[in-house]
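Following: one structure in C-alpha cells, then a few remarks.
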Number of protein chains: 2
Amino acid sequence: MEKLDDILFYQLDKAIRTYRQFAQHRIMSAGFELTIDQWLVLQAIVDDPNRNQQEVAEAAFKDFASVTRIIELLVKKGFLNRSIHPDDRRRFLLTPTEKTDRELANIRSITMQNRKTALKGIPEADFDCLHQCLNQIINNCKKS
Amino acid sequence: MEKLDDILFYQLDKAIRTYRQFAQHRIMSAGFELTIDQWLVLQAIVDDPNRNQQEVAEAAFKDFASVTRIIELLVKKGFLNRSIHPDDRRRFLLTPTEKTDRELANIRSITMQNRKTALKGIPEADFDCLHQCLNQIINNCKKS
DNA sequence: CAAATATAATTGATATATCAATTATATTTG
DNA sequence: CAAATATAATTGATATATCAATTATATTTG
C-alpha cells in the first residue's frame, strides 16, 4: 500500500491546513478576533466595495452561501455596515467601518511574518515551479 | 494591492479545493456514497485495523473529533462494524465489513484517473520540487 | 404591460474542522 | 489498595463548505 505522504494531493492538503492552523493561531494569540476566512472576505470587500456578494465569493474563492454567513458575522462583529443597495434592492451595500482598516493593517503585518516563516528555506527558484504546478492543477480540475 | 492569486498560500488553497471538488464530483457521479474524507478515514482503518482512533486521525490528518463523527457515519452506512475492544474497554474494535474492500477498490480506480487528470501537463521533474516545497512548508508550520 | 425568466441573496440540511469540556476506563503513585 | 493522573473517545458550540430550495426583486419577452 502506498503511503499517504507520497500522494501529492494528500501532501497539498496537509500543507495548506498546517499553514492555516499555524497562521490562525498566530492571529488569535495576537488578540485579533477574525478567522482567516473572515479576513479573506473582508479584504475582498475592502479591495473593492462595489463588488456584489457573488463577486466577493469569487475573489475569495468561497461559496455564495458561505459568504452570506461570513458577512453576517462580520456585521455582527462590527467590521461591516450593511444597507440596501440604492440601485438594486436585491443587493446590499457593504461598507467597512472605521475600525476595519486598522484591524486589517494590523493583521497584515502578522500575515506577512507568517508567510515568511512558512516559506523559510525554500529557494527562490522553486517559487515559479510551485506557482506553475498549482495553476496547472487548478486548470486541469476546473469544471469547464 | 497584491492580487490574491499571487499569494502562494491562496493558490495552494485554491488548488487543493479545486481538486477536491473535481474528485468528489467524479466519485459521486460514479454512484459511490462516500465523501473523500470518509474514504480517507476508511482507508486508514483498512490499512491497519489495529489503529486506535487517534492513530487513524493522525494517519488521515484529521481531528480526533472529526474522526469520531466520520466513523459514526461509516458505521451507519455499513462500511464498519464497531464493537468494544477486548483489551481496552475505552477503545472500539473497528472491523471493515464485507462490502468495504470492494467499494474501496472501485473508488481507487476512479481516484487514480482523477490524479492523472489533475496532474496532466506537469513535467516529471517538477514533482520533486513540489514534494520538497510542501514538506518544507509543513515542517515550518508544524507546532513544535 | 403582464407573464416568464433571470439574478442576488438567504435558508436549511448535512459534512467537516476546531476548541473546550466531559465521560469512562486504565495506569500510576503514595 | 485508594487517590491521583493519564488515556480513549465523545459531545457541544461555533465556523465553514456544499447542494438544493426558496424569497425578493429586476429584466426580458410576447
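Throughout, protein chains are lettered first and strands after them, A, B, ... in sequence-line order, and every chain is numbered starting at 1.
A cation-pi geometry, defined here as NZ or CZ lying under 6.0 Å from the six-membered ring centre and within 45° of its normal, does not hold between A:Lys142 and B:Phe22.
The side chain of A:Thr68 places an N or O atom within less than 4.0 Å of a non-bridging phosphate oxygen (OP1 or OP2) of C:dT10. The side chain of A:His85 contributes no N or O atom lying less than 4.0 Å from OP1 or OP2 of C:dA9. At C:dA15, none of the side-chain N or O atoms of B:Gln24 fall inside 4.0 Å of OP1 or OP2 (strictly under the cut-off). Neither OP1 nor OP2 of D:dT16 sits under 4.0 Å from any side-chain N or O of A:Lys62.
Residue A:Thr35 is classed as a sugar-phosphate contact, given heavy-atom separations below 4.0 Å to backbone atoms only. Within the nucleic acid shown, A:Asp63 comes within 4.0 Å of at least one base atom, counting heavy atoms only. Contact annotation for B:Gln38: backbone-only contact, meaning every heavy-atom pair under 4.0 Å involves sugar-phosphate atoms and none involves a base. Counting any heavy atom pair closer than 4.0 Å across all strands shown, B:Arg82 reaches sugar-phosphate atoms only and no base atom. Within the 4.0 angstrom heavy-atom criterion, base atoms lie near A:Ser66. Nucleic acid contact for B:Arg69: base, since at least one base atom lies under 4.0 Å from a heavy atom of the residue.
Ring geometry for A:Phe61 against B:Tyr10 counts as perpendicular: the plane angle is over 60°, on a 0 to 90° scale with 30° as the lower cut.
Nearest nucleotide to the A:Ala65 side chain, out of C:dA17, D:dC19, C:dT18: D:dC19. Ranking D:dA8, C:dT10, C:dT18 by closeness to the B:Arg91 side chain, first place goes to D:dA8.
If you take CZ of B:Phe92 and P of C:dA24, they are 12 Å apart, rounded to a whole angstrom. Rounded to a whole Å, the CH2 atom of B:Trp39 is 18 Å from the C1' atom of C:dA15. To the nearest angstrom, P of D:dT16 lies 12 Å from CD1 of A:Ile71. Rounded to an integer number of Å, the gap from CG of B:Asp37 to C1' of C:dT18 is 14 Å. Note: CG (B:Asp87) to C1' (D:dA8) measures 14 Å, nearest angstrom. Taking atom CD1 of A:Ile84 as the reference point, atom P of D:dA26 lies 10 Å away to the nearest angstrom. Across the protein-nucleic acid pair, A:Arg20 atom CZ and D:dT16 atom P stand 9 Å apart, rounded to whole Å. Atom C1' of nucleotide C:dT18 and atom CE of A:Met28 are separated by 10 Å, given to the nearest angstrom.
Formation of a donor-acceptor pair under 3.5 Å by the A:Thr117 side chain with backbone atoms of A:Gln113 is found in this model. At least one donor-acceptor pair under 3.5 Å links the side chain of A:Gln38 to the backbone N or O of A:Thr35. One N or O on the side chain of B:Asn140 and one on the backbone of A:Lys120 form a donor-acceptor pair closer than 3.5 Å. With hydrogens and angles disregarded, a donor-acceptor distance shorter than 3.5 Å links the side chain of B:Thr97 to the backbone of B:Gly78. Side-chain N or O atoms of B:Asn139 include one that pairs as donor or acceptor with a backbone N or O of B:Asn135 at under 3.5 Å.
The residues A:Arg20 and A:Asp37 are annotated as salt-bridged, a charged nitrogen and a carboxylate oxygen being separated by less than 4.0 angstrom. At a threshold of 4.0 Å, the pair B:Lys76-B:Glu33 does not count as salt-bridged, since none of the basic side-chain nitrogens sits closer than that to a carboxylate oxygen.
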Name the pairs: protein N/O against N/O of nucleotides 4-7 of chain D, kept only if under 3.5 Å.
residue	atom	partner	partner atom	Å
D:dT7	O2	B:Arg90	NH1	2.8

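Atom CZ of B:Arg89 has 12 or fewer neighbouring heavy atoms from other residues, nucleotides or ligands inside a 6.0 Å radius.
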Contacts table for residues 53-60 of chain B: side-chain donor-acceptor under 3.5 angstrom, sequence neighbours left out:
residue	atom	partner	partner atom	Å
B:Glu55	OE1	B:Asn52	N	2.9

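Remark: DNA chain D forms stems of 3 or more consecutive Watson-Crick or G-U wobble pairs, all pair distances under 3.5 Å, at C:1-30 with D:1-30.
Between B:Arg89 and B:Phe64, the residue anchored closer to the 5' end of DNA chain C is B:Phe64, taking for each the nucleotide with the nearest heavy atom.
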